[in-house]
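For reference, the structure is listed below as structure tokens.
Values below: every heavy atom of this structure, side chains too, minus hydrogens, waters and symmetry copies. Naming convention: chains lettered A, B, ... in sequence-line order (proteins, then strands); numbering from 1 in each chain. Keep in mind it's a predicted model, so treat the numbers as computed, not measured.
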There are 2 protein chains.
Amino acid sequence: MRPDDISDVRALPLFREVRDETFDGLLRASFLQRFPPGLVLIRENERADFLHVVVEGAVEMFASSAGRETTISFARPVSAFILAAVLKDQVYLQSARTLETSRVLMIPASSVREAMTDDAAFMAAVVHDLATAYRSTVKDLKNQKLRTGAERLANWLLRLDSEQHGTGSVEIDVEKRQLAARLGMTPENLSRAFAALKQHGAIVRGMRVEIVDRDALIAFARPDPLVDDERT
Amino acid sequence: MRPDDISDVRALPLFREVRDETFDGLLRASFLQRFPPGLVLIRENERADFLHVVVEGAVEMFASSAGRETTISFARPVSAFILAAVLKDQVYLQSARTLETSRVLMIPASSVREAMTDDAAFMAAVVHDLATAYRSTVKDLKNQKLRTGAERLANWLLRLDSEQHGTGSVEIDVEKRQLAARLGMTPENLSRAFAALKQHGAIVRGMRVEIVDRDALIAFARPDPLVDDERT
DNA sequence: CGTGGGGTTGATACAGTTCAAGATACGTGG
DNA sequence: CCACGTATCTTGAACTGTATCAACCCCACG
């Protein structure tokens, strides 16, 4: 494991305040592995043996039941995923697969649980991380239940624009099929949602979207900090 | 506060393993209040000043955005709700209102955060509670995204039957409009879903449902422990 | 009684998926 | 460098799932 990677992982909210010996102990038992795109890292219903941390690349969390499948979320560097299953010593509720070539740090579940009982600072960080993940899922649920697909897209565009300095010209940084999955719809539906947004001030051309009438787009999207804001 | 209530609250997973002085400290700062039905206890976007515990009655968690509203979950005695907002010292993401006359214990957020830093056992219980709430929300999300309304109803009936000793004759213990909200659909849609289940071995008459062909109902519902099981 | 709320039913409309076909983009091998 | 093949994206049409609006039934309760 390269020194750069170590310091990136160390900088995670989950590990930042932790004692050195706790962090070293966690790393000693772990290993970093490189995976090709499309590889399934975790299958739901398997026992949670490791806490995974995406160090490089991108991972999609998804879930299936009765033959249907849906995307739950994406994990990008540097972040940990499925902490809850590890803590409860339970099976995963979600599956995970790489979207690109990715490097993933795998920390044994038992080490995580030990570190938590030994180091109060780590346990406090775990509490914070869990609370954040929980609230993020509640926001997803609200986004899904309270909005149509086109509205979810419009709000996603507004957020992306503000991340890209609010110039009104947005570069889509993911494949559209991935974007469709993230927004909880089919690729066909995403196409139609883009077409529908022409009426509301957003024009798409390839991977670039021009927000020509921000007020109209906002009026259509009706953004809500309790759904869209990352920080709260 | 009556001794019975105290021991009920003490028995919650969140407080069971906690030191006596921690528990006493929490209670000292708290107060128990009685509320009439339909009263809004918490409004989303308000600062989380209290951790609430339903001691008696029933509370509905719901959320609104852009004029639409949806039910997120129900809290029945004895359980705590919206722990995450309290821990992050943030605003509530959900609103809460009583469904019936209810008694609710309100613990100041600052006391909860103090108790957590003082008592490792309490913090450990908080971790477990948060992980459980998080996984429960993920299951809700899967239930919502992977199933139709009729399928959600069918699975709810199967679970209710197993709770009522699997006799195949199920008594619905909530108003149907509440049930519709819990299953994420309109009351009209619930009526139609019940009608549709006649084809799949479940016959409704008033508040009573007869499961006349369990195999057929299971084949239609396709229950999944990773969505329906409370324990995992 | 009569009135009102919960529940059901019907008609209509919108949201979303599916299936199929065509368009565009892109990397590879000839 | 072009041609081809493949994957992504778009568009159209049909269909499922759900919401909405309206009418009506039923029963409990004043």
Roughly how many Å is it from [atom1] in [X] to [atom2] in [N], rounded to a whole number?
| X | N | atom1 | atom2 | answer |
| --- | --- | --- | --- | --- |
| A:Gln144 | D:dT18 | CD | C1' | 14 Å |
| B:Leu153 | D:dG17 | CG | P | 14 Å |
| A:Met185 | D:dC9 | CE | P | 13 Å |
| A:Arg192 | D:dA13 | CZ | C1' | 9 Å |
| A:Asn189 | D:dT18 | CG | C1' | 14 Å |
| A:Lys176 | D:dT11 | NZ | C1' | 13 Å |
| A:Glu175 | D:dT10 | CD | P | 12 Å |

(message) In the structure I gave you, are the side-chain heavy atoms of A:Thr186 and A:Leu190 within less than 4.5 Å of one another anywhere?
(response)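 SC-SC contact between A:Thr186 and A:Leu190 ruled out.
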
(message) Just so I know, are the side chains of A:Thr101 and A:Phe35 near enough to count as touching, which here means a heavy-atom distance under 4.5 Å?
(response)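 No, too far: nothing below the 4.5 Å cut-off.
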
(request) Let me know, please, whether A:Ala150 or A:Glu188 comes out on the 5' side of the other along DNA chain C by nearest nucleotide. (result)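 Comparing both residues, the 5'-ward one is A:Ala150.
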
(request) Please list, in 5' to 3' order, the outermost nucleotides of DNA chain C lying under 4.0 Å from any heavy atom of chain B. (result)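 Counting from the 5' end, contacts occupy C:dG6 to C:dA11.
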
(request) By nearest nucleotide on DNA chain D, pick out whichever of A:Met207 and B:Gly149 is the more 5' one. (result)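 The residue whose closest nucleotide sits nearer the 5' end is A:Met207.
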
(message) Quick check for you: to the nearest 0.5 Å, what is the distance between B:Thr148 atom OG1 and B:Met185 atom CE?
(response)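 Going from the OG1 atom of B:Thr148 to the CE atom of B:Met185 covers 8.0 Å.
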
(request) Applying side-chain hydrogen bond (donor to acceptor under 3.5 Å, both in side chains), name anything that partners A:Gln164, two or more places apart in sequence or on another chain. (result)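 Applying side-chain hydrogen bond (donor to acceptor under 3.5 Å, both in side chains) to A:Gln164 gives none.
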
(message) A:Lys176: which residues meet the side-chain hydrogen bond (donor to acceptor under 3.5 Å, both in side chains) condition with it, sequence neighbours left out?
(response)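 With sequence neighbours excluded, A:Lys176 shows a side-chain hydrogen bond (donor to acceptor under 3.5 Å, both in side chains) to no residue whatsoever.
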
(message) For the aromatic rings, using the six-membered ring if either is Trp, is the centroid distance between B:Phe74 and B:Phe62 under 6.0 Å?
(response)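 No.
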
(message) Any base atoms under 4.0 Å from A:Gly206, or only sugar-phosphate, or nothing? Heavy atoms, all strands.
(response)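 Since no nucleic acid heavy atom lies under 4.0 Å of A:Gly206, the category is nothing.
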
(message) Mind checking if B:Thr186 touches a base, just sugar-phosphate, or nothing, with heavy atoms under 4.0 Å?
(response)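 Base: the residue B:Thr186, judged by heavy atoms under 4.0 Å, touches a nucleobase.
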
(message) Between the base of D:dG17 and the side chain of B:Arg147, is one N or O donor paired with an acceptor at under 3.5 angstrom?
(response)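 A donor-acceptor contact between them is absent.
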
(request) Give the intermediate values and the outcome of salt bridge (Lys or Arg N to Asp or Glu O under 4.0 Å) for residues A:Glu56 and A:Arg34. (result) CA-CA 9 Å; A:Glu56 188 187 333; A:Arg34 190 183 191 80; 5.0 Å; no

